[in-house]
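Nothing here was measured: the structure is a model prediction, and the numbers come from that model. Residue indices begin at 1 and follow the sequence shown.
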Amino acid sequence: MSILKKRAYDHVWRMLSGEISPGTRLSAKSLAKQIGISHTPVREALIQLQSEGLIEEHPQKGLCVRQPDRDELVETIEMRTLLEVHAAGEAARRIRDAEIDEMERHTNALHELVHAIGTAQPSEVPVLLPRWAVI
């Protein structure tokens, strides 16, 4: 991946992790202006994100942030839970006090997010889910 494409990809990925909502239209031209690069690497990054299922093309609207359905959200949460439980077991063998404190902060943030998802309206859940990626 070229440096500029990676820069564009990382920029849009951060945006997808909570700055923009599902259904939001993505313009390669305006993103390129935000990032300060030409629109070609931005287009390439958007194509990659589309192939990864994070954005989708809509007729007459262009590329938009994809809204996952409820089953995908549940599957994502279940998969992340499995991976994190395994990772926690591996980390427990080598953990230090400072790392335990950090894990406590992340655990509290996850509990708050689970509560927010549990009390949210169904249309709000897709907006909350990207927060899992940054906690």
Let me check something: any side-chain donor-acceptor pairs from residues 33-42 under 3.5 Å, sequence neighbours excluded? List them with distances.
| unit_1 | atom_1 | unit_2 | atom_2 | d |
| --- | --- | --- | --- | --- |
| Gln34 | OE1 | His11 | NE2 | 2.9 |
| His39 | NE2 | Arg43 | NH1 | 2.8 |

- Report the hydrophobic cluster partners of Val85, with the cluster defined as I, L, V, M, F, W, Y residues connected by side-chain heavy atoms closer than 4.5 angstrom, directly or transitively.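 Grouped by the 4.5 Å side-chain rule, Val85 forms a cluster of one, so the answer is none.
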- Item | Qualifying salt bridge (Lys or Arg N to Asp or Glu O under 4.0 Å) pairs with a residue from residues 2-17, counting only residues at least two apart or across chains |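 Qualifying pairs, neighbours excluded: Lys6-Asp10.
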- Message: Going by side chain to side chain contact (heavy atoms under 4.5 Å, CB included), name the residues that satisfy it together with Thr24, two or more places apart in sequence or in a different chain.
- Response: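 Ile20, Ser21, Val65.
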When the side chains of residues 88-101 are checked against the rest of the protein, which donor-acceptor pairs come out under 3.5 Å, sequence neighbours left out?
| unit_1 | atom_1 | unit_2 | atom_2 | d |
| --- | --- | --- | --- | --- |
| Arg93 | NH1 | Gly89 | O | 3.0 |
| Glu99 | OE1 | Arg96 | N | 2.8 |

With a 4.5 Å limit on heavy-atom distance, are the side chains of [X] and [Y] in contact?
{"X": "Leu73", "Y": "Pro126", "result": "yes"}
{"X": "Trp13", "Y": "Leu54", "result": "yes"}
{"X": "Leu63", "Y": "Leu49", "result": "no"}

- Output all residues satisfying salt bridge (Lys or Arg N to Asp or Glu O under 4.0 Å) with Arg80, sequence neighbours left out; order by chain, then residue number.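 Checked Arg80 against salt bridge (Lys or Arg N to Asp or Glu O under 4.0 Å); matches are Glu84.
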- side-chain hydrogen bond (donor to acceptor under 3.5 Å, both in side chains) contacts in which one or both residues fall within residues 60-71, not counting sequence neighbours: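 Those involving residues 60-71 are Arg66-Glu72.
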When the side chains of residues 110-123 are checked against the rest of the protein, which donor-acceptor pairs come out under 3.5 Å, sequence neighbours left out?
| unit_1 | atom_1 | unit_2 | atom_2 | d |
| --- | --- | --- | --- | --- |
| Thr119 | OG1 | His115 | O | 3.0 |
| Thr119 | OG1 | Ala116 | O | 3.4 |

- Item | For Glu56, all residues meeting side chain to side chain donor-acceptor pair (under 3.5 Å), sequence neighbours excluded |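 In terms of side chain to side chain donor-acceptor pair (under 3.5 Å), with neighbours along the sequence ignored, Glu56 is linked to His58.
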